[in-house]
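Convention: sequence-line order gives letters A, B, ...; per-chain numbering from 1.
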Protein chains: 2
Amino acid sequence: MKTLTKRGRPRKFDEEQTLDLIMQVFWQHGYSATSLDQIAEATGLNRPSLYAAFGTKKDMFLKSIERFADRMEAHLRDAGSRATGVNARMKDIMAAAVDLYTGKSDLTGAAHGCLAISTLPSEALQDSDFQLALGNVLLRMDTGFARLILRESKGAVREAHAKEIAQHLALVLHGLSIRARAGENPEKLKRLSSSAVDRLISAQASALSDDDRHP
Amino acid sequence: MKTLTKRGRPRKFDEEQTLDLIMQVFWQHGYSATSLDQIAEATGLNRPSLYAAFGTKKDMFLKSIERFADRMEAHLRDAGSRATGVNARMKDIMAAAVDLYTGKSDLTGAAHGCLAISTLPSEALQDSDFQLALGNVLLRMDTGFARLILRESKGAVREAHAKEIAQHLALVLHGLSIRARAGENPEKLKRLSSSAVDRLISAQASALSDDDRHP
DNA sequence: TTCATTTTTTACCGTTTCGCACAAAAAGTT
DNA sequence: AACTTTTTGTGCGAAACGGTAAAAAATGAA
């Protein structure tokens, strides 16, 4: 049994929601352009407290990325669990992603694009940990989409084929993030994602989800 | 008539190829993580000379972006001028982009992705000039692709439709840049781009280029 | 040679950066 | 009340940052 009541001076901040604040600073300014003073001001803490709780600036950034990836996956998984059929599910997922990218989600209130796609690439070549983190985000997206396609097609689509479609969808999603970061209109991005899903999935319609659409 | 022979001490560097070197430093490290000392070392010049010739760090970066966009457009335009039919042309363009992104082009020797897509997004929210530059790059890509589709379809595709397809292709292209920056395999990326083009364009095959494929 | 002009070079300025001592403060424990 | 433990606040310090002033060097013109 560990101690239930801690010994020393109590913290005046919640670690989880402080990490949320840290994440938002990185989300807005990227890694290199973010200073610890900015983070200190945004969280109301001073640098030694931050360092004690989260480690170095790099540690904070990687923890923010992982946290973002978790939130993002939950957000999209939730959005993709209502409609029926790959096409409709993917449209919902893309629309939810655009909401998140353009600040209509609860994660942040501004049009920041995807934290990982917006901030990791510029750092990826000077620190292999960042490049690896970026690769992990991509892989997570690929496998998530591929699983959705495989599960929904009930064996009508081979695994290699599903992986390919999943990567096509991921390519489009990351392109959407770039455009959101450039300040493009949310509704326009949603229309764009919807038509892209139609083109990328409807070609496989006969093999995928005719059952769902003509029950 | 202006003076043909300049008056003062002659420069010991060529402005054009020096800007190429500057561009490569930004391409590798991004904007914020690049220091003027790094640029000075890469070019063999010292900071005052750089400042006199190219202005501030921000000026150098924006000039690098514009230069890259010009080079990129020429590179892709050239690649898309050999085959016949939208599908084949777009595949060639995508393959040429992957070559450029993975260091097989003459512009650089390493897998850096797209300079604009890799480095501008992380800075776009703190400086509206950077966000504007990003938007310009996207617009240039969109209109370039749309023009190719319109020209190749000979009136069989309405302009709004062509714009939409062009944006789909641009979304995919930017996704490819992210993946190149993450270090993914060039051949894998080319296969991915080829199948994506097939899916995005073959749906319009009857309206687009049946003539070209069944002459 | 002497002067005017332009570039290079050296050196510096004020700021900001990140990480970390060090001591004060706030709690539980004895 | 005295001690232990943990966090907070102040502040340092060595380095890096972007930008520029001032001097030295290299050319053409007079």
Side-chain angles (χ1 to χ4, degrees), chain A residues 1-19 21-23 25-26 28-65 119 122-123 125-127 129-130, chain B residues 1-19 21-26 28-65 119 122-123 126-127 129-130:
Chain A
M1 281 298 164
K2 299 292 166 57
T3 60
L4 289 177
T5 59
K6 296 161 198 165
R7 280 267 281 168
R9 177 173 176 169
R11 277 189 176 166
K12 67 169 198 179
F13 68 95
D14 176 60
E15 195 158 323
E16 296 292 310
Q17 66 192 39
T18 297
L19 190 51
L21 295 174
I22 295 175
M23 180 180 76
V25 179
F26 282 126
Q28 189 163 21
H29 302 102
Y31 176 74
S32 290
T34 293
S35 73
L36 292 184
D37 284 330
Q38 276 177 292
I39 296 181
E41 192 191 352
T43 59
L45 306 180
N46 27 31
R47 289 200 304 283
S49 295
L50 288 168
Y51 187 80
F54 305 103
T56 77
K57 181 185 172 185
K58 179 175 167 179
D59 293 330
M60 297 182 210
F61 183 59
L62 289 176
K63 283 177 183 170
S64 296
I65 293 287
T119 67
S122 70
E123 320 287 336
L125 292 189
Q126 41 186 330
D127 192 319
D129 289 332
F130 292 156
Chain B
M1 281 298 165
K2 298 293 167 56
T3 62
L4 289 175
T5 59
K6 296 162 200 163
R7 281 268 281 167
R9 177 172 178 171
R11 275 188 176 166
K12 66 170 201 180
F13 68 94
D14 176 62
E15 192 160 332
E16 296 292 311
Q17 66 193 37
T18 298
L19 191 50
L21 296 174
I22 295 175
M23 181 180 75
Q24 282 177 28
V25 180
F26 281 126
Q28 188 163 22
H29 301 103
Y31 176 74
S32 290
T34 293
S35 73
L36 292 184
D37 284 330
Q38 275 178 293
I39 296 180
E41 192 190 352
T43 59
L45 307 180
N46 28 33
R47 290 200 303 283
S49 296
L50 288 167
Y51 188 80
F54 306 102
T56 75
K57 180 184 174 186
K58 180 176 167 179
D59 293 331
M60 298 183 209
F61 183 59
L62 289 176
K63 284 176 183 171
S64 297
I65 294 286
T119 66
S122 70
E123 320 287 338
Q126 40 187 328
D127 192 319
D129 290 331
F130 292 156

Using atom types as modelled and distance alone, determine if a side-chain donor or acceptor of B/Asn46 lies under 3.5 Å from a backbone N or O of B/Pro48.
->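 The answer is no, because no donor-acceptor pair under 3.5 Å joins these two groups.
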Heavy-atom nearest nucleotide on DNA chain D taken for B/Gly55 and for A/Arg11; more 5' hit belongs to A/Arg11
Using atom [atom1] of [X] as one end and atom [atom2] of [N] as the other, report the distance to the nearest whole Å.
{"X": "A/Leu50", "N": "D/dT8", "atom1": "CG", "atom2": "P", "value": "9 Å"}
{"X": "A/Asp59", "N": "C/dC18", "atom1": "CG", "atom2": "C1'", "value": "13 Å"}
{"X": "A/Phe13", "N": "C/dA26", "atom1": "CZ", "atom2": "P", "value": "17 Å"}
{"X": "A/Phe54", "N": "C/dC18", "atom1": "CZ", "atom2": "C1'", "value": "17 Å"}
{"X": "B/Leu36", "N": "C/dC13", "atom1": "CG", "atom2": "P", "value": "19 Å"}

DNA chain C nearest-nucleotide lookup for B/Gly8 and B/Ala52: closer to the 5′ end is B/Gly8
Exercise. Specify the residue among A/Pro10 and A/Lys57 whose closest nucleotide of DNA chain C lies further upstream toward the 5′ end.
Key: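 Between the two, 5'-proximity favours A/Lys57.
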The residue among A/Leu62, A/Leu50, A/Leu36 that forms side-chain contact (heavy atoms from CB on, under 4.5 Å) with A/Lys57 is A/Leu36
inquiry  = Regarding A/Thr34, tell me which of base, sugar-phosphate or nothing describes its non-hydrogen contacts under 4.0 Å with the strands shown.
reply    = sugar-phosphate
Would you find more than 12 non-hydrogen atoms of other residues, nucleotides or ligands less than 6.0 Å from B/Gln126 atom CD?
yes
*What's the shortest heavy-atom distance between B/Ala53 and B/Glu15, and which atoms?*
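So the minimum-distance heavy-atom pair works out to O-OE2, 4.0 Å.
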Shortest non-hydrogen pair, A/Thr119 vs A/Gly30, comes out as CG2-CA, 3.7 Å
Parallel, tilted or perpendicular: ring planes of A/Tyr31 versus A/Phe26, cut at 30 and 60 degrees: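 Judged by the thresholds at 30° and 60°, the geometry between A/Tyr31 and A/Phe26 is parallel.
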I want to check one thing: is the phosphate of D/dT20, taken as OP1 and OP2, less than 4.0 Å away from some side-chain N or O of B/Tyr51? yes
* Asked: Among the nucleotides C/dC18, C/dT29, D/dT20, which one has an atom lying closest to any side-chain atom of A/Arg7?
  ->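 Out of C/dC18, C/dT29, D/dT20, the nucleotide with an atom closest to A/Arg7's side chain is C/dT29.
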If I take atom CZ from residue B/Phe13 and atom CG from residue B/Leu19, how far apart are they, to the nearest 0.5 angstrom?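 Answer rounded to 0.5 Å: 10.5 Å.
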Short heteroatom pairs, N/O only, protein and nucleotides 9-16 of chain D, under 3.5 Å:
| unit_1 | atom_1 | unit_2 | atom_2 | d |
| --- | --- | --- | --- | --- |
| D/dG9 | OP1 | A/Lys12 | NZ | 3.2 |
| D/dG9 | OP2 | A/Asn46 | ND2 | 3.2 |

